[in-house]
Amino acid sequence: MVDGEIPSTAPLVERVRVIACGAIAREVLAVCKANHLDHVDLICLPAIWHVYPDKIAPAMREAIAKARTEGYSRIFIGYAECGTRGELDKICEEEGIERIGGPHCYAFFSGNEAFAKVAEDEFTAFYLTDLITRQFEAFVIEPLKLDKHPELKEMVFGNYTKIVYLAQTEDEDLQRKAKWAADYLGLDYEYRFTGYGDLAPAILAAAEH
């Protein structure tokens with residue numbers, strides 16, 4: 001169930017358990033490090049579930065139950081809605097805990113308010129983040145079998161016009177990889193630096209004593 005775990009060294013009574021998507025693990029850890037949030041510990045569900053969202057809610061219930069058993073009273077869900085069709089919000093309501101605001105990571109990295117303003121005009125955009133760019137083969141090519149059936153590219157991406165790389169870091173290698181991904185799919189390319197967007201204030205708010 002667990003993609004990885006970074007425990008805190010703070011006393012249990014002070015800790016905050018963040019149960020997050022493995023696709024944002026680097027970013028959560030970076031926010032914690034930059035803000036000296038030593039009382040936050042992180043447990044991640046598999047990043048690849050980004051493309052299998054039906055698996056998220058059942059595993060989240062298990063992870064929350066485990067955290068409760070271990071003695072955590074403060075828990076935060078490191079996911080947006082993320083295609084769970086309301087299941088994460090149902091869990092939040094039942095458990096009395098919160099999640100990152102927004103429909104998905106593209107929105108909260110962009111800033112949910114800013115993303116909402118452009119979403120209607122970008123319905124033909126396919127978004128990448130640092131993680132999805134870094135693992136484009138594992139997240140896009142292999143699940144869709146584009147390497148074995150290249151004719152599917154037109155079938156799956158024919159209605160898209162561009163790739164928008166929403167970059168959390170200014171990494172030239174990742175920028176080249178994102179441009180390669182756009183060329184691979186036959187789409188236009190746009191680079192947009194977002195940083196951590198709404199993720200940072202969400203983690204900071206969850207970590208408040």
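Here, residue 1 is the first one in the sequence, and each next residue gets the next number. Only a predicted model underlies this, so the values are computations on that prediction, with no experimental measurement involved.
L128 and V118 fall into different hydrophobic clusters, where Ile, Leu, Val, Met, Phe, Trp and Tyr are joined by side-chain heavy atoms under 4.5 Å apart, directly or via other members. Under the 4.5 Å side-chain heavy-atom criterion for ILVMFWY residues, a single connected hydrophobic cluster contains both W180 and V156. Note on L204 and L29: same hydrophobic cluster, where clusters join Ile, Leu, Val, Met, Phe, Trp and Tyr whose side-chain heavy atoms are under 4.5 Å apart, directly or indirectly. Follow the hydrophobic side-chain contacts under 4.5 Å out from M155 and you reach F126 in the same cluster.
Atom CG in L131 sits 7.0 Å away from atom CD in E27 (nearest 0.5 Å). Interatomic distance, CD of Q175 versus OG1 of T169, reported as 8.5 Å (0.5 Å rounding). In this structure, K179 NZ and Y184 OH are separated by 15.5 Å, a value rounded to the nearest 0.5 Å. With values rounded to the nearest 0.5 angstrom, I132 atom CD1 is found 5.5 Å from C105 atom SG. In this structure, W49 CH2 and I56 CD1 are separated by 8.0 Å, a value rounded to the nearest 0.5 Å. The structure places CD1 of I141 at 5.0 Å from CZ of F136, a figure rounded to the nearest 0.5 Å.
Sorted by first then second residue, the side-chain hydrogen bond (donor to acceptor under 3.5 Å, both in side chains) pairs that include residues 108-117, not counting sequence neighbours, are N112-D198. Legend: salt bridge (Lys or Arg N to Asp or Glu O under 4.0 Å) pairs involving residues 134-158, not counting sequence neighbours, sorted by first then second residue: E137-K177. The side-chain hydrogen bond (donor to acceptor under 3.5 Å, both in side chains) contacts involving residues 50-59 comprise H50-Y106, D54-R85, where partners must be two or more places apart or lie in separate chains.
Between the side chain of H104 and the backbone N or O of A107, at least one donor-acceptor pair lies under 3.5 Å. Put simply, the side chain of R74 never gets that close to the backbone of V40: no donor and acceptor are under 3.5 Å apart. Checked by atom type and distance alone, the side chain of D130 never pairs as donor or acceptor with a backbone atom of A167 at under 3.5 Å. Judged by distance alone, the side chain of E81 and the main-chain N or O of G83 form a donor-acceptor pair under 3.5 Å. With N35 contributing its side chain and L37 its backbone, the two residues share no donor-acceptor pair below 3.5 Å.
Listed here is the closest heavy atom pair of I43 and R17: CG2-CD, 3.5 Å. Nearest heavy atoms, I163 versus A178: CG2-O, 4.4 Å. Residue Q168 comes nearest to F193 through the heavy atom pair O-CE1, 3.5 Å, listed as atom of the first residue, atom of the second, then distance. Summarising the geometry of A67 relative to I75, their closest heavy-atom pair is CB-CD1, 3.8 Å, with the distance given to 0.1 Å. Between A80 and G102, the closest heavy-atom pair is CB-O, 3.1 Å. Shown here for Y79 and C82, the closest heavy-atom pair between the two residues is CD2-SG, 4.0 Å.
Inspection of the R15 and Y72 side chains reveals an N or O donor paired with an N or O acceptor under 3.5 Å.
At a threshold of 4.5 Å between non-hydrogen side-chain atoms, the residues L42 and C32 do not count as touching. You'll find the side chain of Y196 reaches within 4.5 Å of the side chain of V31, heavy atoms only. Contact check for Y191 versus V164: no side-chain heavy atoms found under the 4.5 Å cut-off. At least one side-chain heavy atom of I100 sits under 4.5 Å from a side-chain heavy atom of I24.
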Which is it for Y160 and L185 under the side-chain contact (heavy atoms from CB on, under 4.5 Å) test, yes or no, and what are the steps along the way?
-> CA-CA 9 Å; Y160 290 96; L185 296 177; over 6 Å; no
Please lay out, stage by stage, how I64 and I19 fare under the test side-chain contact (heavy atoms from CB on, under 4.5 Å).
-> CA-CA 8 Å; I64 291 171; I19 306 168; 3.8 Å; yes
Check step by step if side-chain contact (heavy atoms from CB on, under 4.5 Å) holds for T129 and Y165.
-> CA-CA 6 Å; T129 62; Y165 171 29; 5.8 Å; no
Candidate pair R61 and E95, rule salt bridge (Lys or Arg N to Asp or Glu O under 4.0 Å), full reasoning | CA-CA 9 Å; R61 290 186 183 279; E95 296 286 347; 5.3 Å; no
Test side-chain contact (heavy atoms from CB on, under 4.5 Å) applied to K162 and E122, step by step = CA-CA 9 Å; K162 64 179 178 179; E122 291 194 338; 3.4 Å; yes
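Residue-environment remark: CD (E93) stays at or below the threshold of 12 foreign heavy atoms within 6.0 Å. For R26, the CZ atom counts as loosely surrounded, since its 6.0 Å shell holds 12 or fewer non-hydrogen atoms of other residues, nucleotides or ligands.
Salt-bridge formation is detected for the pair E70/K66: a Lys NZ or Arg NE/NH1/NH2 atom is positioned less than 4.0 Å from an Asp or Glu carboxylate oxygen.
When ring centroids are compared, Y127 and F115 come within the 6.0 Å threshold.
Residue T124 forms a side chain to side chain donor-acceptor pair (under 3.5 Å) with just one option from D188, T161, N159, and that option is T161.
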